[in-house]
Amino acid sequence: MNTIEKFNENVMATYGRYPLVMESGSDVLATDENGKEYIDFGSGIGTNSLGYCNNDWVDAVCSQVKKIQHTSNYYYTKVQADFAEKLTEAAGMEKVFFGNSGAEANECAIKIARKYSFDKYGKGRHNIITLVNSFHGRTVTTLSATGQDVFHNYFFPFTEGFIYVTANDIEDLRAKADDSVCAIMFEYIQGEGGVNALNKDFVDEIFRIAEEKDIITISDEVQTGVGRTGEFLAGDNFGKKADVITLAKGIAGGLPMGACLTGKKCSSVLTAGTHGSTFGGNPVCCAGGLAVLKKAADRSFLDEIKKKAEYFRKGLSAIEEVSALSGIGLMIGITIKNKKAGDVAKSCLDKGLLVLTAKDKVRLLPPLTISYEDIDKGLKILAEALSE
């Protein structure tokens with residue numbers, strides 16, 4: 001029985017997987033079990049932010065593994081304290097709760113918003129506005145928060161209390177932000193929804209309404225945060241900072257980590273016993289996170305991401321089959337003229353390039369450390385796949 005057969009025999013079929021067995025990786029290159037190399041423009045859906053097995057990251061993680069791999073959150077660890085200090089400083093926030101994923105971070109944010117409103121106004125003010133085409137996770141509650149009908153099936157009854165507003169529709173937002181609403185939750189760039197950035201006017205209106213009505217703002221930066229857009233937070237591109245910010249994916253360089261950060265307004269909402277996570281703040285994951293932040297929180301590193309993003313877009317625009325580009329920084333959506341995104345992804349795989357899709361677009365989330373040489377190599381393969 002080969003690896004894929006063994007896998008399919010024992011693992012639930014919850015993903016439409018490509019026939020690729022990953023064996024190892026270095027920087028932007030992944031290698032399969034037969035020794036074939038692939039340039040990875042997806043980085044584990046933006047999770048391997050420093051690429052595969054970055055030396056500094058490996059050293060930090062291996063050093064921590066040799067010290068202590070886990071302890072209950074009834075106790076303290078220095079590495080979690082150091083990571084929390086560095087992360088809150090980089091994000092400009094007050095406090096952080098550590099979990100294991102973006103969905104878990106978003107669950108925490110939802111609880112914070114509802115408890116803030118309950119503590120101040122009592123029952124009945126619990127609705128949360130989210131955006132049509134959003135994606136916030138796969139737990140029952142974060143699926144409910146996700147503004148896509150395709151996800152609202154099978155798992156009934158879904159968690160109540162979510163109101164969906166059309167992205168960039170200020171009138172719709174104004175009409176639905178009534179006295180039952182405690183929070184507005186949004187992605188600055190809707191990643192799974194097609195790599196579409198919100199309009200600045202709409203973002204400004206979210207914060208204007210929130211201030212008027214004492215509504216909590218929650219920015220889901222699970223995919224957009226930790227340097228992905230050329231700023232540490234995508235909100236920095238809009239000049240905004242939400243009351244609650246969620247991070248995951250690239251935050252620990254490939255280890256399971258989620259973070260829910262709060263500004264001063266919400267920093268004391270959760271108290272002992274109101275939330276928890278057995279593995280949240282795991283020492284090994286925190287060590288990986290510290291290695292990521294040493295680069296991703298550095299201004300010169302972020303400026304280089306912007307230069308690479310511009311280089312990417314220039315190269316993509318020169319490809320005849322590319323009709324439009326979306327996203328910010330190294331979060332790139334590609335609208336193609338005559339081909340299906342899924343077919344392009346399969347063709348790229350055959351040629352040694354890993355790309356992602358989002359709706360009808362090809363999506364790129366390359367490692368933040370990618371070299372210009374590897375950008376050129378990958379774009380050449382993509383151009384070949386699109387020209388077929």
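Quantities reported herein were computed from a predicted structural model and do not represent experimental measurements. Computed over heavy atoms, backbone and side chain alike; hydrogens, waters and symmetry mates excluded.
Separation of atoms NE2 (H126) and CZ (F162) is listed at 9.5 Å; rounding is to 0.5 Å. Atom CG of D214 and atom CZ of R125 lie 5.5 Å apart (nearest 0.5 Å). To the nearest 0.5 angstrom, K240 atom NZ is 13.0 Å from I245 atom CD1. The line from OG1 of T142 to CZ of F151 is 10.5 Å long, rounded to the nearest 0.5 Å. Going from atom CG of L29 over to atom SG of C53 covers 11.5 Å, rounded to the nearest 0.5 Å. Taken to the nearest 0.5 Å, the OH atom of Y116 stands 14.0 Å off from the CG atom of L270.
Taking the side chain as every heavy atom from C-beta outward, K308 and Y372 approach each other to under 4.5 Å. In this structure, the side chains of R363 and M331 stay at 4.5 Å or more apart for every pair of heavy atoms. The shortest side-chain heavy-atom distance between L131 and L198 falls under the 4.5 Å cut-off. You'll find the side chain of C182 reaches within 4.5 Å of the side chain of I128, heavy atoms only. A 4.5 Å side-chain heavy-atom check between F7 and R17 finds at least one atom pair inside the cut-off. Using a 4.5 Å cut-off on side-chain heavy atoms (C-beta onward), M185 and I110 make contact. The shortest distance between side-chain heavy atoms of F83 and I251 falls below 4.5 Å.
Neither side chain, N237 nor Y188, offers a donor N or O lying under 3.5 Å from an acceptor on the other.
Under the 30°/60° scheme for interplanar angles, the aromatic rings of F41 and F312 are found to stand perpendicular. Taking the six-membered ring where the residue is Trp, F186 and F207 present perpendicular rings, their angle passing 60° and hence far from 30°.
The closest donor-acceptor contact from the side chain of N282 to the backbone of Q69 lies under 3.5 Å. Between the S347 side chain and the V344 main chain, no donor and acceptor come within less than 3.5 Å of each other. Under the 3.5 Å distance criterion, the side-chain polar atoms of S317 are matched with a main-chain donor or acceptor of R313. Remark: the backbone N or O of L368 is not paired with any side-chain donor or acceptor of S49 at under 3.5 angstrom. A distance-only check finds a donor-acceptor pair linking the side chain of D243 to the backbone of T217 [under 3.5 Å].
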**Q.** Derivation of the side-chain hydrogen bond (donor to acceptor under 3.5 Å, both in side chains) call for K359 and Q148
**A.** CA-CA 12 Å; K359 300 294 186 183; Q148 298 187 54; 2.6 Å; yes
Q | Intermediate values then yes/no, side-chain hydrogen bond (donor to acceptor under 3.5 Å, both in side chains), T224 and E221 | A | CA-CA 5 Å; T224 63; E221 296 232 22; 2.9 Å; yes
**Q.** Pair I189-R228, side-chain contact (heavy atoms from CB on, under 4.5 Å): steps then yes or no
**A.** CA-CA 11 Å; I189 309 167; R228 175 57 55 185; over 6 Å; no
Q: Before giving the answer on salt bridge (charged side-chain N to carboxylate O under 4.0 Å, His left out), spell out for R174 and E205 the whole-Å C-alpha distance, their side-chain angles and the decisive distance to 0.1 Å.
A: CA-CA 9 Å; R174 275 277 174 192; E205 190 67 15; 2.6 Å; yes
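Residue C286 forms a side-chain contact (heavy atoms from CB on, under 4.5 Å) with just one option from L87, V79, L255, D82, and that option is V79. Checking each of N196, I334, I332, I336 against K361 for a side-chain contact (heavy atoms from CB on, under 4.5 Å) leaves exactly one that passes, namely N196.
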